[in-house]
2 protein chains.
Amino acid sequence: MSRRITIRDVADLAGVSVKTVSRVLNKEPNVRPIMQDKVNSAVAQLNFKPNPQARGLRGNKTFILTLLYSNPNPDYILEVQNGAMEQGNAEGYNLQIFPCDHKNENLIETVSSFLEASPQDGVILTLPLSDNLQLIELLEKKGIPYTRISPFYSEHNSPSVGSDDQKAAYDMTKYLISLGHTDIAFIKGHPDHSDTDKRFSGYKQALNEYNLSLNEEIIKQGFFTFESGEDCARQLLAQKQKPTAIFASNDCMAAGVLKVSKQLNLAVPADLTIAGYDDTSVSQQVWPAITTVKQPIHLLGKMATKKLICKIKQKTWDEIQSIFECELVLRDSSSICNSTTN
Amino acid sequence: MSRRITIRDVADLAGVSVKTVSRVLNKEPNVRPIMQDKVNSAVAQLNFKPNPQARGLRGNKTFILTLLYSNPNPDYILEVQNGAMEQGNAEGYNLQIFPCDHKNENLIETVSSFLEASPQDGVILTLPLSDNLQLIELLEKKGIPYTRISPFYSEHNSPSVGSDDQKAAYDMTKYLISLGHTDIAFIKGHPDHSDTDKRFSGYKQALNEYNLSLNEEIIKQGFFTFESGEDCARQLLAQKQKPTAIFASNDCMAAGVLKVSKQLNLAVPADLTIAGYDDTSVSQQVWPAITTVKQPIHLLGKMATKKLICKIKQKTWDEIQSIFECELVLRDSSSICNSTTN
DNA sequence: TTGAAAGCGCTAACAA
DNA sequence: TTGTTAGCGCTTTCAA
């Protein structure tokens with residue numbers, strides 16, 4: 001391994017002072033174009049890359065962003081990671097991850113000690129951490145810039161991005177209604193996730209708009225797990241008047257519903273229409289493939305990172321909260337209602 | 001935000017020199033216990049955390065490990081990440097991720113420029129990157145310590161960890177044979193992944209041991225994707241003499257097989273036994289749930305990290321390559337062979 | 001517009 | 001065994 005190229009080497013080669021090189025590298029004003037050219041060509045010639053640690057030490061920066069998450073859905077997390085990476089790298093930041101367990105009693109302590117021990121320029125929070133008030137308080141207290149993905153609470157006036165879950169759930173419900181379904185069951189997500197409420201609201205909104213009454217008997221509390229989907233499906237499909245469609249708040253639970261339907265010899269979609277949410281791989285890999293909602297997860301990761309970097313650089317952004325549209329992905333688990341009662 | 005606590009504050013409070021504090025922090029020898037106590041209590045009192053950037057700048061270290069991957073399987077990657085995090089954090093390292101695309105023509109350049117721009121102490125490689133000779137050469141040339149997860153090639157004598165894929169595939173095949181199956185089809189994985197060969201070898205080994213002939217007609221080339229599983233299944237199940245069992249090299253493909261079976265009105269497992277590999281979430285969320293092989297992925301991530309840190313610290317490790325056992329996960333997609341021809 | 005010098009927080013080399 | 005000093009590679013301050 002050869003000796004590291006430093007800013008001094010560049011300065012010597014370009015015949016300028018180190019400060020001038022620094023100015024050019026950091027795009028500071030007040031450098032004559034001639035100087036800039038000299039520096040740039042020296043940089044290129046030596047393939048010089050400034051040492052982030054040295055830059056950080058002096059400027060109290062790290063060029064590291066941390067993604068904090070506690071989410072059992074690998075498809076979701078990986079897509080957020082990819083989006084965050086893409087944007088971060090484009091702007092010269094690296095991405096550090098810190099998976100944690102939101103049910104852990106010592107969460108705050110754990111995160112706090114992590115943040116102290118490993119400095120970073122900013123933090124990205126995903127659900128359900130986005131809504132963890134203690135965590136937000138901690139970040140505020142420490143003065144660490146952060147953005148949140150899909151938060152429910154917006155008191156803190158911190159930048160956030162999200163997708164329009166309510167509208168998507170509304171659209172999906174409307175679609176189910178358009179297929180002729182009137183007994184549309186709903187399986188809610190985990191009460192700790194704020195998504196849960198938004199999706200449920202969209203469902204209610206659509207029913208309301210079409211003058212369908214809200215039937216508490218066909219609204220079940222799930223927990224975003226496959227098993228909870230099964231449980232709810234068993235309850236729903238054991239009722240005298242079975243729903244003709246079940247809208248589950250995520251794909252895992254929808255897959256659970258599909259399993260139970262098959263066990264009960266119900267044909268999907270002929271006897272029962274199923275809809276999920278998230279467009280995770282399982283929704284494509286079961287049969288029939290599940291009709292679902294696709295969130296722009298990659299984009300959320302990207303934009304959260306973009307906003308975070310703006311905040312770090314003290315630049316302003318038009319909107320504190322940006323909401324992106326989801327899209328319906330129609331697959332084979334949904335069809336026109338065949339029920340004789342309708 | 002208050003001023004950062006530095007080693008000087010600790011030294012002042014403890015009434016010693018900064019070097020003594022440094023010695024205690026780094027567990028260097030030749031410090032009297034009395035001094036150690038003084039320093040430790042000052043550290044605790046001030047809640048002092050050394051600045052990794054400053055330590056790194058001086059010692060040419062970063063305390064950052066990078067996980068390099070290019071793998072379409074989120075369950076796998078996230079589990080590796082978690083394992084690597086767990087071990088890394090325990091030893092004072094942070095984990096940076098760098099997802100890349102192994103099919104990208106500029107992969108080497110991309111990684112190279114990433115490595116130059118963002119210094120780290122070591123790199124962990126997962127498949128298929130573990131077998132990318134150019135990448136390995138790059139790391140060797142730059143003198144960056146690395147470990148590989150599940151590599152096939154071991155020329156480079158670098159530490160690696162892996163699971164015993166051949167044995168697991170052998171065990172699974174033997175299990176299928178024990179159920180009375182003799183026409184056991186095999187769907188191979190992507191030719192770029194070295195896992196593919198190991199799994200196929202295990203299959204062949206078992207057939208051989210039980211004097212079952214290798215029938216090329218029921219061995220198909222898949223690509224680890226759901227669609228390739230479907231394609232292979234369609235070919236296999238269109239043959240005059242259908243296999244009674246299909247062993248797919250991963251769960252995605254097994255899910256594809258399951259879908260096709262259902263489309264063809266074959267009952268699983270009554271008419272067809274299906275086995276997968278990887279124990280990803282999809283294997284549990286389809287119905288019937290798929291019999292599969294569980295790799296100790298979390299452990300692989302952990303051990304790869306542990307070995308990497310040893311290498312960084314120039315400590316030795318007994319074995320250059322550690323192999324861990326997989327386990328069979330028997331679910332509902334496999335049963336005793338009912339075929340009348342047997 | 002440019003440069004010299006100081007210093008970010010820590011550790012290595014050396015001195016006491 | 002302990003302390004002093006220099007310096008890692010960069011940016012900031014201030015002077016030219």
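It should be emphasised that the depicted structure is a prediction, and the values quoted were computed from it without experimental measurement. Every chain is numbered from 1 and lettered A, B, ... according to where its sequence line falls, protein lines coming before strand lines.
For the pair Arg8(A) CZ and dC8(D) C1', the interatomic distance rounds to 12 Å; values are reported in whole Å. Atom CG of Asp12(A) is separated from atom C1' of dG3(C) by 14 Å (rounded to the nearest Å). Atom-to-atom, CZ of Arg23(B) to P of dT4(D) comes out at 11 Å; the value is rounded to the nearest Å. Look at NZ on Lys19(B): it is 6 Å from C1' on dA12(C), rounded to the nearest Å. Atom pair Asn30(B):CG and dC14(C):P shows a separation of 17 Å (rounding to whole Å applied). Summarising the geometry, the separation between CD on Glu28(B) and P on dC10(C) is reported as 14 Å, rounded to the nearest angstrom. Regarding Leu25(B), its CG atom lies at a distance of 8 Å from the P atom of dC10(C), rounded to whole Å. If you measure from atom CD1 of Ile7(A) to atom P of dC10(D), you get 5 Å, rounded to the nearest angstrom.
When all heavy atoms are compared, the tightest approach of Val161(B) to Pro151(B) is O-CD, 3.7 Å.
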query: Can you check side-chain hydrogen bond (donor to acceptor under 3.5 Å, both in side chains) on Gln81(A) and Gln81(B), steps first, answer last?
result: CA-CA 12 Å; Gln81(A) 286 181 0; Gln81(B) 286 181 359; 2.9 Å; yes
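Side chain to side chain, Thr66(A) and Gln120(A) meet the donor-acceptor criterion of an N or O pair below 3.5 Å.
Contact of the Phe114(A) side chain with the Asn94(B) side chain is registered, since non-hydrogen atoms from C-beta on lie closer than 4.5 Å. Counting only heavy atoms from C-beta outward, the side chains of Leu300(B) and Phe324(B) approach each other to under 4.5 Å.
At dC10(C), none of the side-chain N or O atoms of Ser22(B) fall inside 4.0 Å of OP1 or OP2 (strictly under the cut-off). For Thr6(B) and dG9(C), the shortest distance from a side-chain N or O to OP1 or OP2 is not below 4.0 Å. Thr20(A) has no side-chain polar atom (N or O) that falls below the 4.0 Å cut-off from OP1 or OP2 of dT2(C).
A distance of 7.5 Å separates CD in Glu137(B) from CD in Gln134(B), rounded to the nearest 0.5 Å.
By the 6.0 Å and 45° rule, Lys307(A) does not stack over the aromatic ring of Tyr146(A).
Listed by residue number, the members of residues 42-57 of chain B with any heavy atom below 4.0 angstrom from DNA chain C are Phe48(B), Pro50(B), Asn51(B), Ala54(B), Arg55(B).
Counting only heavy atoms from C-beta on, Arg58(A) has its side chain closest to dG7(C) among dG7(C), dT2(C), dC8(D).
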